[in-house]
Amino acid sequence: MTRSMYSYSKSILERVSFDPKLFCKELEKAIKILLPYEIDQLRDWLIQFTEEKPELRQCLIYIN
């Protein structure tokens with residue numbers, strides 16, 4: 001079974017979460033390739049994920 005683009009994008013974002021600038025760049029890429037319902041899922045995940053990492057909250061502007 002192939003891995004969904006949503007899961008792949010999420011794993012990339014988790015790996016680059018140490019750098020807010022890189023995180024925003026990867027988030028922009030993910031938004032370009034994901035389907036609308038996947039973007040909704042990613043938005044929900046991001047809100048939870050960034051609760052523990054407030055420095056990444058600025059990147060939410062790309063998804064709203």
Side-chain angles (χ1 to χ4, degrees):
M1 178 182 266
T2 61
R3 190 173 191 181
S4 73
M5 287 307 293
Y6 167 73
S7 296
Y8 176 73
S9 298
K10 198 167 89 169
S11 71
I12 295 295
L13 290 169
E14 287 172 340
R15 285 188 223 148
V16 299
S17 64
F18 64 91
D19 181 1
K21 189 174 180 179
L22 186 55
F23 187 85
C24 290
K25 185 176 178 181
E26 291 298 328
L27 179 57
E28 285 184 90
K29 286 185 199 177
I31 293 168
K32 290 179 184 176
I33 61 171
L34 293 176
L35 298 172
Y37 77 93
E38 292 174 320
I39 292 174
D40 291 338
Q41 290 176 340
L42 187 65
R43 181 182 299 115
D44 294 340
W45 175 81
L46 276 171
I47 290 169
Q48 288 182 321
F49 185 73
T50 57
E51 283 178 2
E52 298 173 7
K53 299 176 184 284
E55 68 276 8
L56 301 177
R57 285 285 226 193
Q58 66 189 6
C59 299
L60 292 176
I61 62 168
Y62 294 111
I63 205 159
N64 288 332

*Set of residues satisfying ring pair (Phe, Tyr, Trp, His ring centres under 6.0 Å) with respect to Phe49, sequence neighbours excluded*: Trp45

_Just to verify, what does Asp40 make a salt bridge (charged side-chain N to carboxylate O under 4.0 Å, His left out) with, not counting sequence neighbours?_
Arg43

_For Leu27 and Leu42: C-alpha separation, side-chain torsions, deciding distance, then whether side-chain contact (heavy atoms from CB on, under 4.5 Å) applies._
CA-CA 9 Å; Leu27 179 57; Leu42 187 65; 3.8 Å; yes

*Is there a side-chain contact between Phe23 and Leu46, using heavy atoms and a 4.5 Å cut-off?*
yes

*Not counting sequence neighbours, list each pair that qualifies as a side chain to side chain donor-acceptor pair (under 3.5 Å) and has a residue in residues 52-62.*
Thr50-Arg57

*Can you run down the disulfide (SG to SG under 2.5 Å) pairs that involve residues 15-64, sequence neighbours left out, and say none if there aren't any?*
Cys24-Cys59

Please tabulate, for the side chains in residues 9-19, all donor-acceptor contacts under 3.5 angstrom to protein atoms that are two or more places apart in sequence or on a different chain.
residue : atom : partner : partner atom : Å
Ser9    : OG   : Met5    : O            : 2.8
Ser11   : OG   : Arg3    : NH2          : 3.4
Ser11   : OG   : Tyr8    : O            : 2.8
Ser17   : OG   : Glu14   : O            : 3.0
Asp19   : OD1  : Lys21   : N            : 3.2

*In terms of hydrophobic clusters joined by side-chain contacts under 4.5 Å, are Ile31 and Ile47 together?*
no

*Does Ile63 belong to the same Ile/Leu/Val/Met/Phe/Trp/Tyr cluster as Ile61, with side-chain heavy atoms less than 4.5 Å apart forming each link?*
yes

*asked:* Suppose we screen for salt bridge (charged side-chain N to carboxylate O under 4.0 Å, His left out). Which residues come up paired with Lys29, at least two apart in sequence or across chains?
replied: Glu26

